Every structure is written in C-alpha cells, then in structure tokens.
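Letters go in sequence order (proteins before strands), and every chain restarts at 1. Hydrogens, waters and symmetry mates are skipped; everything else that's a heavy atom, side chains included, is used. Note that the structure is predicted; figures quoted are calculated from it, not measured.
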There are 2 protein chains.
Amino acid sequence: MHDAIDTTFSPLQNHLLVALPEEVQTRIFPFLELEKLELGQVIYEAGGKLAYVHFPVDAIVSLLYVMESGASAEISVVGNEGLIGVALFMGGESTSSRAVVQSAGHAYRLKGSMLTEEFNRHGKLLELMLRYTQSLITQMAQTAVCNRHHSIDQQLCRWLLLSLDRLPDNHLTMPQELIANMLGVRREGVTEAAGKLQKLGVIDYHRGHITVLDRSKLEELSCECYDVVKTETDRLLPYALPKKSA
Amino acid sequence: MHDAIDTTFSPLQNHLLVALPEEVQTRIFPFLELEKLELGQVIYEAGGKLAYVHFPVDAIVSLLYVMESGASAEISVVGNEGLIGVALFMGGESTSSRAVVQSAGHAYRLKGSMLTEEFNRHGKLLELMLRYTQSLITQMAQTAVCNRHHSIDQQLCRWLLLSLDRLPDNHLTMPQELIANMLGVRREGVTEAAGKLQKLGVIDYHRGHITVLDRSKLEELSCECYDVVKTETDRLLPYALPKKSA
DNA sequence: AAAGTTCTGTGCGCTAGCGAACACACTACT
DNA sequence: AGTAGTGTGTTCGCTAGCGCACAGAACTTT
C-alpha cells in the first residue's frame, strides 16, 4: 500500500517522546519495544492492570467504553501525539475503559515500572505527561457534550477529522460497523451520514476504505467540538504542532 | 435545619485536605481562605486563567460546558471529596468548562501559586491530586457514555445520587430548570422524570426543594453509571470512605 | 465459476426527546 | 388583598435516531 511504510520506525515519531530532553531519552529509549498493532486489537481491557504504556507512531487507538448491554462509546482518540495508559502514572493503574486499535500501525511500548520510575524523577517527563493528560480530559469533556447535543452527521465529521489529524495520509480503513461502535450509534446511522458526505464529494467510501477528499468542507460540516479540542490540544502541547522537531 | 451547620468550618472537612500529612497541612493551611458559595455562582469561566483552587466543604460545584448555541451539559460534579481547578497543576492553567455552584455552601480557596509550589515538592499532595484527577477522568468518561445511551429518567437518578453523596443531608435546593441545564435536556423532560420519581415515592419535590426519600430505590432506577463512578472513586480515593481519618 | 462472507443501502414502524405555547400553581412583595 | 415573579405541569405536532428485516454489491475462497 505504501512504499515507505516498512522502513524502520523511530521513537522520535511520537510527539511526546521527541519532546523529552536528551538525557531522559537516553535513559528510556533502550527499553522501548516496537510493537505492531492490528485493527481491532485490544491493548488493554477495562479494569485490567496496566503493564505497559504505549506510544503510537503511526497507529490510532481509541479509548472505548463498553456497557453491560454491549453498547459502546468512544471516550477519546490517541495517535502519535500522545500515549495510552495514563492511569499508570496517575496512580490508578487501571481504567474503566478499553483501548482498541482503530487504525493499524505501530507503537512503542514501555514497561509500566520503567515509566513510573522516570515519572518519579519529577522532571520534564512528568510535566509532559500531565499536560497530555489534560488534553485528554478536554477531549473527553467535549465528547460528553457532543454526545448530548450533536447529530450523527456532525459527529461523524468530528470523528473523521480527529482521526485524520493522527493519520499519515488521508486514508482510513474501517467498516461502518466499527465507526458506529465508536460513535455509539447504529450502523445504519453511519451509512446514512457517510452517504451524505459521499454525495457531497467530501469523502470516498468503499467497503471500509475511506478517503477524505475535501477536508475544509468536513470542518465546515462538523460541530464546534472538533475545533475546541484541536485548539486546546495545540495550546497544551505546542511541541506537537510542527511535523517533527528532531 | 442543622444545629451544627453554622459552627465554624474546618479544612479537615475536605477529604483531600484531611488526607495530607501534617507537615504539608501546617505549610498550606494558614493560606486557606474560607469562602461562601452561592447557588449559581460562577467560580471560574471557561478559558479563564485560574487564580485559585477551591476545596469544597459543604458546597457542590458542577463543571459545566456551555456551547455556542447556549446549550449546556455537566461534565462532572465536585464536592468535599475533591477540588476545583485541576488544570492549575496539570499545566494548562485554564479549562474549556465553567465551574458553577450547584448547591450553596462553603469552600476553602488557595492561591494557585501556593498550590503549585507545594505540588512541585512532589510529595503526598502531588500523589493525592493526581489520584483525584483520575477519578474525575472516570466521571467524565462515564458522563460521555451516559449521555449517549441512557434515558433522562436514568440520568436524573444518577445525577441525584452523585449529588446526594456530596451533601450533608438528603435535601437539595435546585429548580428543575437548572437540573435540565446540568443534564443538557429540556426542563419539561426533567419535570416528567421527576414526576415519575415523585409518584413512586422516591423523592419529594416542591418548588426547587428536593428531598430524597428512598435512596435504594433511586439506585435501582439509575443506570449502571452511578455505580461505576462510585466504585472507581472509592477505589482511587480510599481515604474518602470513612467520615474522617484525622 | 460457484459458493460463502463481509460490507453497504434501504425501507418501515416506533419512541424518546425536542420546541413552543400556555395554564396553573405557590411565594413574595407592597 | 392584589400583583408580579418564579417554578411546575401538560398538551401537541415534529424529527432524529432506533430496532428489525432484507436485498444487493463486492470481495474471498475453493
């Protein structure tokens, strides 16, 4: 699919890792393990003890809450701007949500004990992790509001944009059924909303392959939620703005 | 209503403050200022820089998101188990939500600089704040899911229970209009849901005065969300379980 | 080429919640 | 006692989204 995709990866492709001072990098980089993440793979289960934190490089991971009834909803999205497993350093060691791979790719994982050790040095890593956590909080809060007030059409746009920002290209592989799980709506609802976008020439959708054709139109059709999250994330994590800083 | 309610307050009535080691208490308690909080008072505005953190003793504060359209939704509730203003130590200094007093009462406030100074000593206070923040995250995530999947009836029960847990008695002063703002629904929707509860003898509702008569019934009628949040909060903040630990 | 699987489109009846409009409280003021 | 104000109950038509059921299209397997 890609020509360059199977070249070597580097931890520097993750915005948090690249922003660490060299001293910290030399301490923890040797312990990073590259892991391949398949679509749908569960990185950790709700309530389970976290053994690792994951720093995505080209994968996208969703924090998903699954209810007793089986109904689900996405709480937030994580790409190479962040990490999966904040509960580890926040002190809880587990979360009530599940982490699922939304777009296949790769991530570096680090043993929980290694991370907390560095965290407890109370240096730049702590500061970065906390700022990232706040951006996560913003995203979750916005998701709550969006779930309450906005239409499926708008939410789909928001979701596509959030995914797009974390993707190397404008192409996403994911059947409508899974998108429906993320948004917490019926598959048919997604079919309809995606159909509209298709008709407008904003996206191209074929059997689980979405290509975004008109990004600005997408932003226009989305609710304010995308913008709020984006702006706040950029404010909190300024280093993540340029493509690379290394 | 209470005989003891207008006696002097103490910072020890806040579960976070009471859990601090004595050494930290002697450092920061002299700087705590007792503040009276009126119903509807805005403690901080969305996007505004935070000057203080607030530790409620007998007040309840809601983190509320207000959209461009004016529609709103509650993100989480804070009582004497927590504090208002986590963004201060998380590094963001501001939030996209507003903090509104949901139940009048009192809180101790502490200058932001005082808090961050103590936070940066990287002791027990840091640990407590982070654990509390994670419980906030859990609550926000659950709110997002609840907004997506549960009926107004269920959500009202959840909301009442969360408020009840943070209240000295089983009585709450708040018109349906404001509850509607919190839940992000129409006032009429609340009227209907509250009417049902009234008919079932679960609550007594008269012109903004709610008295909970049958708490266990309320738990039964609520969605799973209340329980999830409660359990997780108790797990993360075990010191908050008994009445006092000092 | 045939058969099976996965993904998408469509149609239909149903309900929760919305928006608006209004009548009736109960409280407070003067 | 009267009047204004605030909180509550109710009604009615409307729409978004649900649950279900099925048809067809596009890939996969053999």
Side-chain angles (χ1 to χ4, degrees), chain A residues 1 38-40 67 69-74 102 104 145-160 171-200 202-211 221 223, chain B residues 38-40 67 69-73 102-104 145-160 171-200 203-211 221 223:
Chain A
M1 201 170 299
E38 311 285 358
L39 177 60
M67 301 200 313
S69 68
S72 62
E74 188 183 74
Q102 188 198 103
V145 179
C146 199
N147 279 349
R148 162 63 66 222
H149 293 291
H150 297 138
S151 69
I152 297 189
D153 292 7
Q154 293 175 305
Q155 291 189 53
L156 178 59
C157 293
R158 180 199 50 141
W159 187 86
L160 284 172
H171 183 268
L172 182 58
T173 302
M174 171 161 272
Q176 298 184 346
E177 176 81 42
L178 288 193
I179 300 186
N181 288 163
M182 297 297 163
L183 298 184
V185 300
R186 284 183 320 154
R187 196 221 76 223
E188 291 90 328
V190 175
T191 304
E192 205 183 328
K196 289 185 201 167
L197 291 180
Q198 178 111 259
K199 219 159 265 170
L200 289 169
V202 178
I203 62 169
D204 184 60
Y205 205 141
H206 279 311
R207 288 187 69 74
H209 293 273
I210 313 173
T211 310
L221 293 170
C223 45
Chain B
E38 311 285 357
L39 176 60
M67 301 200 313
S69 68
S72 63
Q102 188 197 102
S103 178
V145 179
C146 200
N147 279 350
R148 163 63 65 224
H149 293 290
H150 296 138
S151 69
I152 297 189
D153 293 6
Q154 294 176 304
Q155 292 189 52
L156 177 59
C157 293
R158 180 200 51 142
W159 188 86
L160 284 171
H171 183 267
L172 182 58
T173 302
M174 172 159 272
Q176 298 183 346
E177 177 81 42
L178 288 194
I179 300 186
N181 287 163
M182 298 295 164
L183 298 184
V185 299
R186 284 183 319 155
R187 198 221 76 221
E188 291 89 327
V190 175
T191 304
E192 205 183 327
K196 289 186 202 169
L197 292 179
Q198 179 112 260
K199 218 160 263 168
L200 288 169
I203 62 169
D204 184 60
Y205 206 141
H206 280 311
R207 290 187 69 75
H209 292 273
I210 314 174
T211 311
L221 292 171
C223 46

Subject >> Closest to side chain of B/P175, choosing from C/dT10, D/dT8, D/dT10 >> reply: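 Output: D/dT8.
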Original post:
Of all the nucleotides listed (C/dG17, C/dA20, C/dG11), which has the minimum atom distance to the side chain of A/E188?
Top reply: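 The closest nucleotide is C/dG11.
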Using side-chain heavy atoms (C-beta onward) and a distance below 4.5 Å, is [X] in contact with [Y]?
{"X": "B/S103", "Y": "B/L172", "answer": "yes"}
{"X": "B/R158", "Y": "B/C146", "answer": "yes"}
{"X": "A/C157", "Y": "A/C223", "answer": "no"}
{"X": "A/T211", "Y": "A/I203", "answer": "no"}

Once you round it to whole Å, what is the distance between [atom2] of [N] and [atom1] of [X]?
{"X": "A/E192", "N": "D/dA16", "atom1": "CD", "atom2": "P", "answer": "9 Å"}
{"X": "B/L178", "N": "D/dT8", "atom1": "CG", "atom2": "C1'", "answer": "14 Å"}
{"X": "A/R187", "N": "C/dG9", "atom1": "CZ", "atom2": "P", "answer": "8 Å"}
{"X": "B/R186", "N": "C/dA20", "atom1": "CZ", "atom2": "C1'", "answer": "9 Å"}
{"X": "A/R148", "N": "C/dG17", "atom1": "CZ", "atom2": "P", "answer": "8 Å"}
{"X": "B/R207", "N": "C/dC26", "atom1": "CZ", "atom2": "P", "answer": "9 Å"}
{"X": "A/H206", "N": "C/dT8", "atom1": "NE2", "atom2": "P", "answer": "11 Å"}
{"X": "A/H150", "N": "D/dG17", "atom1": "NE2", "atom2": "P", "answer": "12 Å"}

**OP:** Working to the nearest 0.5 Å, report the span between CD1 of A/I210 and OG1 of A/T173.
**Re:**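 Taking CD1 in A/I210 and OG1 in A/T173, the distance rounds to 8.5 Å.
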Original post:
Base, sugar-phosphate alone, or nothing: which one does B/G208 contact when heavy atoms must sit under 4.0 Å apart?
Top reply: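 It contacts sugar-phosphate atoms only.
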**OP:** Would you tell me whether A/Q102 and A/E74 have side-chain atoms, one donor and one acceptor, within less than 3.5 Å of each other?
**Re:**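 Note: A/Q102 and A/E74 side chains meet the donor-acceptor criterion.
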Original post:
Would A/Q176 and A/R207 count as a side chain to side chain donor-acceptor pair (under 3.5 Å) if you check the C-alpha gap in whole Å, the side-chain angles of each, and the deciding distance to 0.1 Å?
Top reply: CA-CA 8 Å; A/Q176 298 184 346; A/R207 288 187 69 74; over 6 Å; no
Original post:
Would you say a side-chain N or O of A/Q176 is under 4.0 Å from OP1 or OP2 of C/dT6?
Top reply: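 A/Q176 to C/dT6 OP1/OP2: no side-chain N or O under 4.0 Å.
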Subject >> Angle of first-five versus last-five pair axes in the helix from C/dA1-D/dT30 to C/dT30-D/dA1, to 10 degrees >> reply: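 The helix from C/dA1-D/dT30 to C/dT30-D/dA1 shows an end-to-end axis angle of 30°.
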